[in-house]
Undergrad: 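Dropping a structure here in structure tokens format, bear with me for questions.
All values below come from the heavy atoms of this structure, side chains included, with hydrogens, waters and symmetry mates left out. This structure is a prediction, so every number in the text was calculated from the model and none was measured. Atoms within each ligand, like the ligands themselves, are counted from 1 in listed order.
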Amino acid sequence: MKITTVLLATLSSALIGCASVNAADPSAKDFQRVVDAAHAKYKNLQDGKNADYIPILTETPSELFGVVIVTREGKIYKAGDVDYKFSIQSVSKPFTAALIMNQQGVAVLNEKIGVEPTGLPFNSRLALELYEDKRSVNPLVNAGAIAAVSLVQASSEEERWNLILQNISGFAGSQLTVLEKVYDSEYETAFGNRAIANLLYNYERLYSDPEEAMRVYTRQCSIGINTKELGVMGATLANLGVNPLTGQRMMPAEDVPELLAVMATAGFYDESGEWMYTAGLPAKTGVGGGIVAVVPGRFAIAAFSPRLNEAGNSVRSLNAIRYIAGELGVGVFGPNPAE
Ligand code: DON
């Protein structure tokens, strides 16, 4: 093992040690209580609306709502519609970033995509012009995620897609498939993303043919997932890269902090600051209504509900996760107030 690897491993276990000493240590009863309470508290919240720029997402029943906690030991605590399959959308993005880190090393993310939060909406074209050196800015906004799929090393489009699907399935602990109607609906209307792919290609920050990147990226966003599986994906990050259900190592432990750092600074797009200020957890959202948050070294909190706020983040899901984080006192910088 390299000295830097040893140092990083020591540092990450020291940080995890601190987290479990400083924060409360919830029991199984606490986990089930807060999951039930979060579901009850926000199940009648009507704020926001389904995403409509992907036409088929308007058809998802807006009242669906699921909340889970999945621990690093693989215990699942659940409430509500946790088995409903919705499209993963942007929650897929950190996991493909992990695949690139696995294939090509941690530095590649910064060099070929970027790790700066944009402070701009997830589909911003302006960001590409503002950040002239990095262009795609970070792997969690659309530009960076389209660049990320193009960067996955493979000898064909099919192989690239299979690597991405198997990687996300590995994090979820079950074989996932694409919701083909979501794919068709998004691909036919993805004019903004197509503009981004072409601009990136023009600036030599896209690493495959633009239309191929569009197909693979849109397929990735159309993967069907349920709230439990989303929780397992987060729990795999909480468990330092090992899926707690299958025991499969999905990424090296020493790369997890870098990925969580990008989730902390950019996982909620132009609401990332407010999210960290009020909830204190690295997280990722998607316009399908899913959100997963990670309590490093301990557990994940995931939620799903289709109605979104202006930034494209699920209103019920973000409230439920923030409430649970506050109740359990598990914000990474110390306990945040429970609401
Ligand atoms: O590219 C898009 O616009 C969607 N497939 C994903 C966007 C998304 O999920 C943003 N998240 N909140």
Undergrad: So, using side chain to side chain contact (heavy atoms under 4.5 Å, CB included) as the criterion, who are the partners of Q248 when residues are at least two apart?
TA: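 Once residues adjacent in sequence are excluded, the partners of Q248 under the side chain to side chain contact (heavy atoms under 4.5 Å, CB included) criterion are T246, M250.
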
Undergrad: Backbone N or O of A172 within a donor-acceptor pair of the T236 side chain at under 3.5 Å?
TA: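 Not at all, since once roles are kept as given, no pair shorter than 3.5 Å links the two residues.
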
Undergrad: Does any pair with a residue in residues 212-261 pass ring pair (Phe, Tyr, Trp, His ring centres under 6.0 Å), and if so which ones, sequence neighbours excluded?
TA: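 Applying ring pair (Phe, Tyr, Trp, His ring centres under 6.0 Å) to every pair that reaches into residues 212-261, excluding sequence neighbours, yields nothing.
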
Undergrad: Quick one: ring pair (Phe, Tyr, Trp, His ring centres under 6.0 Å) pairs with a partner in residues 219-276, sequence neighbours left out?
TA: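 Listed once each, the pairs are F122-Y269, F268-W275.
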
Undergrad: With R219, which of E180, E186, E158 fulfils salt bridge (Lys or Arg N to Asp or Glu O under 4.0 Å)?
TA: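 With R219 as partner, E180, E186, E158 yield a single salt bridge (Lys or Arg N to Asp or Glu O under 4.0 Å), made by E180.
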
Undergrad: Could you tell me if the side chain of T71 sits less than 4.5 Å from the side chain of I76, heavy atoms only?
TA: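 Result no, sub-4.5 Å side-chain heavy-atom pair not found.
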
Undergrad: Within the protein, flag every N or O under 3.5 Å from an N or O of ligand 1, and note the pair and distance.
TA:
from: ligand 1; atom 1: 1 (O); to: N142; atom 2: ND2; distance (Å): 3.1
from: ligand 1; atom 1: 1 (O); to: E186; atom 2: OE2; distance (Å): 3.4
from: ligand 1; atom 1: 1 (O); to: N193; atom 2: ND2; distance (Å): 2.8
from: ligand 1; atom 1: 1 (O); to: Y217; atom 2: OH; distance (Å): 2.5
from: ligand 1; atom 1: 3 (O); to: Y53; atom 2: OH; distance (Å): 2.6
from: ligand 1; atom 1: 3 (O); to: N142; atom 2: ND2; distance (Å): 3.1
from: ligand 1; atom 1: 5 (N); to: Q89; atom 2: OE1; distance (Å): 2.6
from: ligand 1; atom 1: 5 (N); to: E186; atom 2: OE1; distance (Å): 3.2
from: ligand 1; atom 1: 5 (N); to: E186; atom 2: OE2; distance (Å): 2.6
from: ligand 1; atom 1: 9 (O); to: S90; atom 2: N; distance (Å): 3.0
from: ligand 1; atom 1: 9 (O); to: S90; atom 2: OG; distance (Å): 2.5
from: ligand 1; atom 1: 9 (O); to: V287; atom 2: N; distance (Å): 2.8
from: ligand 1; atom 1: 11 (N); to: S90; atom 2: OG; distance (Å): 3.4
from: ligand 1; atom 1: 11 (N); to: Y269; atom 2: OH; distance (Å): 3.2
from: ligand 1; atom 1: 12 (N); to: T285; atom 2: OG1; distance (Å): 3.3
from: ligand 1; atom 1: 12 (N); to: G312; atom 2: O; distance (Å): 3.0

